[in-house]
Amino acid sequence: MGKRNGARKGARRSGNPARREAERLHSGNVLGELMYAAAAPRAGVQPGAIIPVSVPALPEGVVIRDAAQADAGPLEPVMRLADPDNPDGSWRQLPTVIRQSLDSDKYTRVRVVEETSSGALVGGAMALPAAWAFTHPMLVGSPNAHIIAGLVAALDSLAVVDEWRGKGIARALVADAEKAVGSHEEGKFGAAVLCVTHEPELTDFYAGLGFTLSPDGIGIPSPLGFICHGPTTGFRFSVKPLRTGVQMQPMPTPYGRQLVVRGVMPVPR
C-alpha cells in the first residue's frame, strides 16, 4: 500500500482525507473545543439496539489499551503512517484528542496497541464524532450538528507498524472501535453507524469486517432534510451499522450514487 510513499506500508488509512477542508475552515480546531461547544445531546434520538461486537483475540505479546496523555509523543509516528502525505493530519492534534478521550462526557476514543515486552506502541486508532457535521451547510450553527456528530462516528488514523502487520491487530482495533462508539452509557447515546474514508485497496479489508462501500459517500435523512457527505476524490467511503434500527441502501442523490442511511435520526412521516 505504499504507492506514493513507502512510509505508508504498515498503515490502515482512514478518515483524514475527508476532514481536510473542515480542518482548514476551523484553523485545525475541528477536533478541538468546537466539537464540544454545546451540551451533549441526551435521550430521544437513539435508534435501535446495540449490535453485539466481539473483539478478536490479539497475538501474544501485545495488548490494546486506552491512550494516556504521555502516549501523544510516541504515538505520533505510528499515527502518521495512516496519512503520511498530509502535513495537517490528525496526528498533529494528538494531545487534544487524547485529552478528550479521557473525558467520559465526550465521544472521542483513542486506543493504542502496546508491545508488552518493550512498552513500545505498535498500533493505534481514533474513533471520533463526525467532524464534517460542524461545517456542513445545513448544520452550521445548529444543535443538530452535535446530534449528527454523535450518532455518526468516524474511524480515523488506524495504523499498525510493519513488523506487527498480518497478525489480526488491525481487525481487532476496528472491532474495539465499534464497541467503544456504539456503547450506550446511562444518560447518553452511542453511535448508530461507524464510517471510514480509506484508500481503494482497503475496500476488501473493510468489506470483510461488515462495512458497506459507497464510493460517493452517505446521505442521511433528517428533520432538516437530506444531509449528504462524501469522501475526497480518489478515496472510498465505507459504513457499518452499529444499531438494529439502521438500514442502508445505495441510491442516486444530487452528489452521486450514495449509501442512504435510514434510522440514524427520526424524521417526520
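Quick caveat: nothing in here was measured; it's all calculated off a predicted structure.
Residues Val113 and Val161 share a single hydrophobic cluster, defined by chaining ILVMFWY side chains whose heavy atoms lie under 4.5 Å apart. Both Ile64 and Leu75 belong to a common hydrophobic cluster when Ile, Leu, Val, Met, Phe, Trp and Tyr are linked at side-chain heavy-atom distances under 4.5 angstrom. Connection of Leu102 to Trp91 is established within a shared hydrophobic cluster, with ILVMFWY side chains joined at heavy-atom distances below 4.5 Å, either directly or through further cluster members. With hydrophobic clusters built from ILVMFWY side chains whose heavy atoms lie under 4.5 angstrom apart, Leu209 shares a cluster with Leu58. By the criterion of side-chain heavy atoms lying less than 4.5 angstrom apart, applied directly or through intervening Ile, Leu, Val, Met, Phe, Trp or Tyr residues, Val260 is not grouped with Phe211; the two fall into different hydrophobic clusters.
When all heavy atoms of Leu155 and Ala125 are compared, the pair lying nearest together is CD1-CB, 4.3 Å. Closest approach of Pro221 to Val261, counting heavy atoms only: CD-O, 3.2 Å. Contact record, Leu139 with Ala145: O-CB, 3.6 Å, taken as the closest heavy-atom pair. Of all the heavy atoms in Gly73 and Pro77, the pair that sits closest is O-CD, 3.3 Å. Looking at every heavy atom in both residues, Ala159 comes nearest to Val78 through CB-O, 3.3 Å. The two atoms that bring Lys167 and Glu163 nearest to each other are CE-O, 3.6 Å, heavy atoms only.
Distance check: Met126 CE to Met79 CE gives 4.0 Å after rounding to the nearest 0.5 Å. Distance CE/Met248 to CG/Leu259: 5.0 Å, rounded to 0.5 Å. In this structure, SG in Cys195 is found 12.0 Å from CG in Asp156, a value given to the nearest 0.5 Å. The CG atom of Leu121 sits 12.0 Å away from the CD atom of Glu76 when rounded to the nearest 0.5 Å. Rounding to the nearest 0.5 Å places OG of Ser157 at 12.0 Å from CG of Leu173. Rounding to the nearest 0.5 Å places CG of Asn144 at 7.0 Å from CD1 of Ile227.
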Checking side-chain contact (heavy atoms from CB on, under 4.5 Å) for the pair Thr116/Val62: CA distance, chi angles, key distance, verdict? CA-CA 5 Å; Thr116 53; Val62 293; 5.8 Å; no
So Asp71 and Arg65, salt bridge (charged side-chain N to carboxylate O under 4.0 Å, His left out) or not? Walk me through it. CA-CA 11 Å; Asp71 293 324; Arg65 62 167 174 81; 2.7 Å; yes
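Using a 4.5 Å heavy-atom cutoff, the side chains of Arg111 and Asp66 are in contact. Looking at heavy atoms from C-beta onward, Leu128 lies out of side-chain contact with Tyr107 at the 4.5 angstrom threshold. With a 4.5 Å cut-off on side-chain heavy atoms, Asp103 and Lys106 count as touching. Contact annotation: the side chain of Met138 never approaches that of Phe226 to less than 4.5 Å [non-hydrogen atoms, C-beta and beyond]. Contact of the Cys228 side chain with the Ile218 side chain is not registered, since no non-hydrogen atoms from C-beta on lie closer than 4.5 Å. Side-chain contact between Leu242 and Ile50: absent, with no pair of heavy atoms (C-beta onward) separated by less than 4.5 Å. Considering only heavy atoms from C-beta on, Pro241 stays 4.5 Å or farther from Val239 through its side chain. Using a 4.5 Å cut-off on side-chain heavy atoms (C-beta onward), Val193 and Lys240 make no contact.
For the residue pair Ser214 / Gln258, no side-chain donor-acceptor distance below 3.5 Å is found, with atom types taken as modelled. Under 3.5 Å, the side chains of Ser118 and Glu115 contain a donor-acceptor pair of N or O atoms.
Electrostatic pairing of Asp216 and Arg257 does not count as a salt bridge here, judged by no charged N lying under 4.0 Å from a carboxylate O. Salt-bridge annotation for Lys179 and Asp176: absent, with no side-chain N of the basic residue lying under 4.0 Å from a carboxylate O of the acidic one. In this structure, Glu199 does not pair ionically with Arg236, as no charged nitrogen and carboxylate oxygen lie closer than 4.0 Å.
Gln247 CD: 12 or fewer foreign heavy atoms inside a 6.0 Å radius.
Ring orientation note: the planes of Trp132 and His229 are close to parallel, at an angle under 30° on the 30°/60° scale.
Arg80 contributes no side-chain N or O that, together with a main-chain N or O of Asn86, makes up a donor-acceptor pair within less than 3.5 Å.
The aromatic ring centres of Phe237 and His198 sit 6.0 Å or more apart.
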